[in-house]
Amino acid sequence: MQMEKDLTFLIEFLGCKVNSYEVECIANELEDHNYRLFDAKNDDFPTVIIINTCAVTQTSVVKDRKMIRHYRKLYPEAILVVMGCYASFGGEEILNDLGANIVIGTQNRDKLIELIDNYKTTKKQLLIDDNKKRDYENIHLNHFLFNTRAYVKIQDGCNNFCSYCLIPYVRGRSRSRKKEDISFEIHELIQNGYKEVVLTGIDMSSYGFDLYENFTFSDLLEYILENNKDLYRLRISSIEESNIDEKFLYLLEKYTVIANHLHVPLQSGSRKIVEKMNRKYNLNEFKEKIIKIREIRPDIAISTDIIVGFPGETDEDFLETYNNAKEIKFSKIHVFPYSPRKGTLAEKMKNQVDGNVKKERVNRLISLSETLEKEYQSQFIGKKIEFLFESKENGYYPGHSSNFLEIKVESEDNLNGKIREFIYKN
């Protein structure tokens with residue numbers, strides 16, 4: 001049997017890059033307190049199981065519940081900790097129906113060790129959350145246990161209240177991380193051998209508004225780049241149209257270290273639906289900014305998210321979205337059928353779209369995405385491209401270029417974390 005002095009942890013997450021970053025921070029903290037990663041071959045059961053949940057769609061919640069049940073049944077002796085967006089509103093059922101021992105929502109992860117030690121002593125279930133907290137949660141890391149690329153979280157929460165989205169309710173209002181802390185974490189990661197850093201957050205467009213006077217996301221980018229000259233590549237996980245200001249365009253031209261790929265969420269290409277979604281941009285301005293970006297970097301990859309089947313979306317509205325996406329020529333479109341979320345404005349809207357209609361529209365947009373992706377990639381076939389490689393998977397080393405082209409290479413040499421040039425063959 002596993003002894004108390006031999007502390008182990010098992011950690012899982014569902015959902016976004018922010019959730020991925022958070023579990024890495026927790027893994028760092030556990031290692032600092034003499035825990036080691038659970039080894040199913042040699043350990044009877046983990047001391048602690050951490051599950052970071054997602055609630056962006058109802059399907060996400062179903063997956064959360066399935067995972068929680070699975071680990072509760074598999075390791076009944078372990079202390080089961082559930083956190084994240086689903087935990088923020090489903091705490092009672094996670095404790096009572098799914099058998100978790102500790103539920104802490106989207107805050108208080110910095111108190112996790114204290115909470116675990118308290119449970120070991122009292123054996124009392126704990127339900128703790130305060131998503132109205134105004135300060136940025138003080139979690140950080142200096143190495144990654146599970147990822148090759150280094151994600152760095154710059155803020156949490158959201159102020160936008162898009163009509164389809166639960167995130168402002170489960171994550172709370174936007175809270176920015178201090179620029180010095182962000183830059184120092186990046187510096188430590190570079191010192192520990194990481195060559196690519198990915199900036200991530202729940203709503204990076206709101207960065208700085210709660211913390212500084214007249215300091216924007218673009219100002220943060222400049223601060224990071226000026227203070228981390230040894231950084232090979234800085235990738236932005238997602239950028240809203242509102243972030244693409246004149247300073248951002250200047251930085252895109254000045255610093256080649258900024259990855260040649262931007263993910264700019266559109267969500268809908270229909271003017272009527274954009275308004276119903278409470279998305280705060282003008283479609284003409286959106287397209288004009290994409291044009292300006294391509295004037296600076298003609299071969300940049302620009303991907304997007306689009307939700308189809310939003311309440312009231314007619315065939316004409318969908319066609320407007322389809323045609324705008326085709327005109328913009330995204331390098332990839334991540335397509336999502338609209339999913340009603342209880343507690344949002346959209347869930348109460350009339351003219352909910354039939355499921356079969358949603359499915360047909362999703363398939364049409366995916367087909368367009370595949371065509372656009374092939375068109376974008378075709379211009380690089382036969383060219384020598386620089387790739388940054390990650391850890392070996394199924395006998396191959398996967399690598400990504402600055403513009404997010406992918407390659408898999410067989411090699412006797414260890415390519416993990418190495419930069420190499422290869423002829424791109426698609």
Side-chain angles (χ1 to χ4, degrees), residues 1-2 4 7-16 18-20 22-23 25-27 29-30 33 35 38 40 43-133 137 139 156-158 165-172 202 339-344 347-348:
M1 286 291 291
Q2 185 181 4
E4 174 61 21
L7 303 171
T8 60
F9 68 93
L10 188 158
I11 197 160
E12 295 277 8
F13 80 96
L14 295 103
C16 64
V18 170
N19 276 9
S20 173
E22 289 168 353
V23 298
C25 289
I26 290 161
E29 183 74 5
L30 288 165
H33 285 80
Y35 285 79
F38 173 70
D43 298 321
D44 293 335
F45 62 90
T47 310
V48 178
I49 300 170
I50 313 285
I51 300 176
N52 201 12
T53 60
C54 175
V56 69
T57 65
Q58 187 57 39
T59 301
S60 303
V61 173
V62 171
K63 290 179 180 178
D64 293 329
R65 293 173 63 86
K66 184 177 179 180
M67 181 179 284
I68 296 165
R69 282 198 183 99
H70 169 74
Y71 281 113
R72 180 73 294 167
K73 183 177 180 181
L74 187 61
Y75 299 116
E77 306 95 333
I79 299 171
L80 178 57
V81 181
V82 180
M83 60 184 64
C85 292
Y86 169 44
S88 215
F89 64 87
E92 293 289 348
E93 63 187 22
I94 293 170
L95 287 178
N96 299 327
D97 300 344
L98 304 180
N101 304 112
I102 302 171
V103 178
I104 57 176
T106 61
Q107 295 292 330
N108 299 295
R109 269 80 59 101
D110 51 342
K111 299 182 178 66
L112 182 60
I113 300 297
E114 177 187 336
L115 296 171
I116 291 170
D117 289 343
N118 180 271
Y119 179 81
K120 287 178 182 177
T121 302
T122 65
K123 301 299 180 185
K124 291 182 179 179
Q125 288 179 311
L126 293 169
L127 172 57
I128 301 171
D129 190 40
D130 177 14
N131 65 15
K132 296 180 176 64
K133 188 176 178 182
E137 185 178 29
I139 55 175
D156 204 339
C158 183
C165 187
L166 267 181
I167 296 303
Y169 305 101
V170 298
R171 283 271 179 179
I202 298 298
S339 174
R341 306 302 289 122
K342 188 176 181 181
T344 63
E347 187 249 347
K348 301 178 180 68

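In terms of heavy atoms, I11 sits closest to A27 at CD1-N, 4.3 Å. Counting all heavy atoms, side chain and backbone alike, A100 lies closest to V82 at CB-CG2, 3.8 Å.
Within the 4.5 Å cutoff, no side-chain heavy atoms of N108 are placed close to those of E114. Taking the side chain as every heavy atom from C-beta outward, Y71 and E12 approach each other to under 4.5 Å. A 4.5 Å side-chain heavy-atom check between L30 and I113 finds at least one atom pair inside the cut-off. Residues V18 and R171 have side chains in contact (heavy-atom distance under 4.5 Å, counting atoms from C-beta outward). Contact check for C158 versus P168: side-chain heavy atoms found under the 4.5 Å cut-off. In this structure, the side chains of I94 and Q125 stay at 4.5 Å or more apart for every pair of heavy atoms. In this structure the side chain of Y35 reaches within 4.5 angstrom of the side chain of I116, judged on heavy atoms. Inter-residue side-chain proximity for M83 and I26 is flagged as met; some heavy-atom pair is nearer than 4.5 Å.
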Quiz prompt | Residues Y119, V81; criterion side chain to side chain contact (heavy atoms under 4.5 Å, CB included); working and verdict | solution = CA-CA 11 Å; Y119 179 81; V81 181; over 6 Å; no

Exercise. Starting from the C-alpha separation in whole Å, work towards a yes-or-no answer on side chain to side chain contact (heavy atoms under 4.5 Å, CB included) for T344 and L166.
Key: CA-CA 6 Å; T344 63; L166 267 181; 4.1 Å; yes

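Separating the CD1 atom in I51 from the CZ atom in R65 is a distance of 12.5 Å, to the nearest 0.5 Å. K120 contributes atom NZ, which lies 5.0 Å from atom CG of L7 (distance to the nearest 0.5 angstrom). Atom-to-atom distance recorded for I50:CD1 and F13:CZ is 14.5 Å, nearest 0.5 angstrom. Atom CG of L127 sits about 10.5 Å away from atom CD1 of I104, to the nearest 0.5 Å. The line from CG of N101 to CD1 of I79 is 6.5 Å long, rounded to the nearest 0.5 Å. Atom CG of residue L80 and atom CG of residue L98 lie 9.0 Å apart, to the nearest 0.5 angstrom.
Checked for salt-bridge contact, R109 and E29 miss the test: no charged N lies under 4.0 Å from a carboxylate O.
Ring orientation note: the planes of F89 and Y86 are nearly perpendicular, at an angle over 60° on the 30°/60° scale.
At distances below 3.5 Å, not a single donor-acceptor pair connects side-chain atoms of S60 with backbone N or O atoms of L14.
Here the options are E347, K348, Q58, the test is side chain to side chain contact (heavy atoms under 4.5 Å, CB included), and the partner is P340; only E347 passes.
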